[in-house]
Amino acid sequence: MKISDTLTNEKKELEFSDKVRIYLCGVTVYDQSHIGHARTIIIFDTLRRFLEANGIKVELIQNFTDVDDKIINRAKEQGESANGISNKYIQTYFEDSDRLNIKRATNYPKATEHIDDMINLIQDLIKKESAYVSKNGVYFRVSKFSEYGKLSKKKTEELESGARIGIDESKENPLDFALWKFSDGQPNWESPWGNGRPGWHIECSAMSIKYLGKNFEIHGGGRDLIFPHHENEIAQSESFTSEQFAKIWMHSGMITINGEKMSKSVGNVKSINHVLDSWGPNVARLFCISGHYSKPIDYTEDLLKENLIRLRQIETCYYELRLAEQTQETEDISSLLIETRKKFDTALNDDFNTSLGLSVFFNMIKTINSLAAEEKINKKIAEQALPVLEYMLDVLGIKIQTVSDEEIESVFKLINKRETLREEKQFEEADKIRDQIAGMGISLIDHKNKTLWMKKEPIKSEKQ
RNA sequence: GGCGCGAUACCCAAGUGGCUAAGGGAGCGGUCUGCAAAACCGUUAUUCACCGGUUCGAAUCCGGUCCGCGCCUCCA
């Protein structure tokens with residue numbers, strides 16, 4: 001598999017020995033997570049599913065930043081403890097994540113539970129003269145790391161000249177960033193240099209190295225983290241280990257809302273919760289991987305609606321196969337299935353091209369649905385096609401509403417009853433049964449000689 | 001101002017040197033139907049922001065222009 005590496009700016013072969021180790025920068029838990037967070041999480045969850053579905057072991061670490069000025073401010077506003085705020089939003093994070101059908105990461109380390117690791121790391125950096133203690137805290141000495149700027153392609157001279165004024169005078173250089181901030185406010189921890197709390201960047205260095213080692217396969221996050229967060233992580237980690245940090249830097253594109261940046265001030269932030277309530281998890285997932293992961297996606301009602309229609313096509317396909325009956329030989333689609341699987345994997349193996357992968361996927365769906373319309377799907381075809389469909393659904397994290405055999409039987413009974421009534425031209429009675437079936441969340445698919453059906457995921461935004 | 005990314009039909013979007021520029025949505029036309037919905041079929045770019053260059057050959061490579069976006073302070 002090849003993945004675009006932000007550092008070298010080229011597609012790099014994903015190399016690994018026994019497993020693929022991924023560190024994904026998580027969220028700062030001071031508020032509800034939004035659709036932008038969701039996209040990043042979905043992209044890495046889908047990547048993880050793809051690798052695992054192909055027999056590759058994955059260790060995925062995603063951190064929570066649970067100590068930060070934003071959390072502290074929010075706590076003050078609401079008269080709560082910082083801990084109370086972060087715990088609350090960690091909980092909503094997991095609720096969102098579960099609803100989105102995200103597989104749980106291997107571990108979700110919290111910054112506050114790794115203060116010692118950070119202190120050790122900082123101590124080593126001070127010993128190496130890569131960091132120094134000043135009046136306000138401990139700072140990283142950017143001038144000591146000659147490769148500073150290699151990820152974001154920035155030159156330190158330009159950064160210095162462009163640095164804003166009014167910056168902490170106690171720093172040797174305006175580019176130096178805080179590893180430890182002195183503070184007596186809550187929360188604070190003891191350190192060899194004085195009470196305080198850690199800087200943002202150091203937590204990811206400490207936790208990624210602790211859980212994944214000095215040199216792991218993929219470090220991920222949103223594009224907006226490239227500078228300064230990831231740049232600083234590289235500086236800290238590589239100064240500490242004297243080795244290359246992550247082998248591949250994989251960054252996901254931003255989500256805009258109707259072409260505008262999502263921001264609190266504009267008031268256009270779409271929470272995951274809101275999107276899930278309106279569109280459900282499957283549409284959200286399809287939407288988030290509809291374009292290439294590295295490119296931005298614009299959130300519009302039209303695009304969501306389009307993905308809802310695509311979901312309906314998948315549901316149709318699934319039920320055409322699920323309800324297939326034993327009939328005579330029709331067509332042989334085994335080569336289509338083999339090709340589909342091959343092309344799907346090829347697309348994802350080439351820089352995780354989910355957009356192309358989805359095309360391949362929907363091409364198969366369309367072919368099967370066409371055959372179904374001609375009543376050419378039988379049990380044999382279904383048995384061949386279902387595993388392929390289910391493989392792709394699993395990779396994509398799409399969960400179709402399923403039915404038990406008993407349910408199938410009872411739905412068919414109702415359908416037959418309706419058919420009889422229709423033949424007798426008792427349309428009012430027949431429509432009543434149709435409504436009853438619809439009430440069970442089931443839609444009918446009429447073919448020439450038979451009526452099939454599917455159980456649809458109820459989507460709130462559809463009913464308007 | 002600096003750095004980076006992008007521009008392909010009404011919309012989304014794949015395609016990075018060569019077969020007819022994928023696929024989806026929407027629209028329009030149709031099949032089916034008691035009606036409706038769904039489903040299914042057909043149809044929609046001589047051309048890839050613009051100008052120039054390289055080449056037998058360019059959406060794709062090179063140079064320039066214009067536009068849009070992100071980052072340069074916290075951000076997924």
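Just so it is clear: chains get the letters A, B, ... in the order the sequence lines come, proteins before strands, and each one is counted from 1.
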Could you check which nucleotide pairs with B:rA38 in any of the strands shown, counting Watson-Crick or G-U wobble with both distances under 3.5 Å? none
Using atom P of each nucleotide, how far apart are B:rU46 and B:rA21 to the nearest Å? 11 Å
Side-chain contact check for A:R310: nearest option of B:rA76, B:rG24, B:rC71 is B:rG24
For the pair A:Y23 and A:F216, name the ring-plane relationship: parallel under 30°, tilted 30 to 60°, perpendicular over 60°. tilted
5' priority, RNA chain B, between A:I226 and A:S290 [closest heavy atom]: A:S290
Base, sugar-phosphate, or nothing for A:F427, non-hydrogen atoms under 4.0 angstrom? base
When you measure from the side chain of A:L225, which nucleotide among B:rA76, B:rA37, B:rG34 comes out closest? B:rA76
Same-atom distance (C1') from B:rU20 to B:rC66, integer angstrom: 33 Å
Consider the side chain of A:S359, meaning its heavy atoms from C-beta on, and name the nucleotide among B:rG23, B:rU73, B:rC32 that approaches it most closely. B:rG23
Determine the interatomic distance between C1' on B:rG6 and the same-named atom on B:rU60; round to the nearest Å. 15 Å
Base of B:rA37, side chain of A:R434 - is there a donor-acceptor contact under 3.5 Å? no
B:rG2, OP1 or OP2 - any side-chain N/O from A:K155 closer than 4.0 Å? no
To the nearest Å, how far apart are A:E231 CD and B:rU73 C1'? 16 Å
Whole-Å gap separating P (B:rA14) and CZ (A:F344): 16 Å
What does B:rC32 pair with, Watson-Crick or G-U, if both distances are under 3.5 Å? none
Quick one: are the ring centres of A:Y299 and A:F287 less than 6.0 Å apart? yes
Considering every strand and a 4.0 Å limit on heavy-atom distances, what is the contact class for A:G36: base, sugar-phosphate, or nothing? base
With a 4.0 Å cut-off on N to O distance, would you call A:E172 and A:R141 a salt bridge? yes
Could you give the CG-to-C1' distance, from A:L452 to B:rA37, as a whole number of Å? 16 Å
Does a side-chain N or O of A:N369 approach OP1 or OP2 of B:rC40 to a distance below 4.0 Å, or not? yes
With a 3.5 Å limit on both atom pairs, tell me what B:rA7 is paired to, counting Watson-Crick and G-U wobble, or say none. none
So CD1 of A:I255 and NE2 of A:H37: to nearest 0.5 Å the spacing works out to 10.5 Å
Opposite nucleotide pairing with B:rG17, Watson-Crick or G-U, both atom distances under 3.5 Å: none
Nucleotide paired to B:rU47 in any strand shown, Watson-Crick or G-U, under 3.5 Å: none
Send over the distance from A:H292 NE2 to B:rC12 P, rounded to a whole Å. 18 Å
A:R197 and its salt bridge (charged side-chain N to carboxylate O under 4.0 Å, His left out) partner, picked from A:D69, A:D68, A:D66: A:D69
Under 4.0 Å, counting only non-hydrogen atoms across every strand here, what does A:S294 touch: a base, just sugar-phosphate, or nothing? nothing
In whole angstrom, what separates A:I218's CD1 from B:rA76's C1'? 17 Å
Please work out if A:G220 contacts a base, only the sugar-phosphate, or nothing of the nucleic acid, heavy-atom cut-off 4.0 Å. nothing
Phosphate OP1/OP2 of B:rA38 contacted by A:Q313 side-chain N/O (<4.0 Å): no
Between B:rA58 and B:rC51, how far apart are the two P atoms, rounded to whole Å? 15 Å
Under-4.0 Å salt bridge between A:K460 and A:D277: no
B:rC32 and B:rC41, which share atom name C1', separated by this distance in whole Å: 11 Å
For a quick test of reading the model: is some side-chain N or O of A:N353 closer than 4.0 Å to OP1 or OP2 of B:rG15? yes
Can you check whether A:K295 has a side-chain N or O nearer than 4.0 Å to OP1 or OP2 of B:rA14? yes
Considering Watson-Crick and G-U wobble pairs with both distances under 3.5 Å, what does B:rC66 pair with? none
Is A:D446 touching bases, backbone alone, or none of the nucleic acid, heavy atoms closer than 4.0 Å? base
Heavy atoms under 4.0 Å, any strand shown: does A:N9 hit a base, just sugar-phosphate, or nothing? sugar-phosphate
For the side chain of A:T316 and the base of B:rA39, is some donor closer than 3.5 Å to an acceptor across the two? no
Taking the basic N atoms (NZ, or NE/NH1/NH2) and the acidic carboxylate oxygens, is any pair closer than 4.0 Å for A:D435 and A:K432? no
Euclidean distance for C1', B:rU47 against B:rA59 (whole angstrom): 9 Å
Of the listed nucleotides B:rG34, B:rG4, B:rA14, the one nearest the side chain of A:S355: B:rA14
A:Y148 and A:F227 aromatic ring geometry - parallel, tilted or perpendicular at 30°/60° bounds: perpendicular
Quick check on RNA chain B: between A:I445 and A:R418, whose nearest nucleotide comes earlier from the 5' end? A:R418
pair_partner(B:rG23), Watson-Crick or wobble, both distances < 3.5 Å, evaluates to B:rC12
A:L303 CG to B:rG25 P, in whole Å, measures 13 Å
If I pick the C1' atom on B:rA22 and the same atom on B:rC28, what distance separates them, to the nearest angstrom? 23 Å
Using Watson-Crick or G-U wobble geometry with both distances below 3.5 Å, tell me the partner of B:rA58, or none. none
Give a yes or no on whether a donor-acceptor pair under 3.5 Å exists between the nucleobase atoms of B:rG24, that is its base, and the side chain of A:N307. no
Salt bridge or not between A:E80 and A:K88? Use side-chain N to carboxylate O under 4.0 Å. no
Parallel, tilted or perpendicular, judged at 30° and 60°: which one describes the rings of A:F361 and A:F344? tilted
Say you pick atom P in B:rG23 and the same atom in B:rC19; how far apart are they, in whole Å? 16 Å
Under 4.0 Å between any heavy atoms, over every strand shown, what does A:N363 touch: base, sugar-phosphate, or nothing? Just pick one. nothing
When you check the phosphate oxygens OP1 and OP2 of B:rC71, does a side-chain N or O of A:K261 lie under 4.0 Å from one of them? yes
Which part of the nucleic acid, if any, lies within reach of A:M262 when heavy atoms closer than 4.0 Å are counted: base, sugar-phosphate only, or nothing? base
Let me know the distance between NE2 of A:H229 and P of B:rC74, rounded to the nearest Å. 11 Å
Between CG of A:L358 and C1' of B:rG24 the distance, given in whole Å, is 10 Å
Would you mind classifying the nucleic acid contact of A:S370 as base, sugar-phosphate or nothing, using non-hydrogen atoms under 4.0 angstrom? sugar-phosphate
Does any N or O donor sit under 3.5 Å from an N or O acceptor when you compare the side chain of A:K154 with the base of B:rC72? no
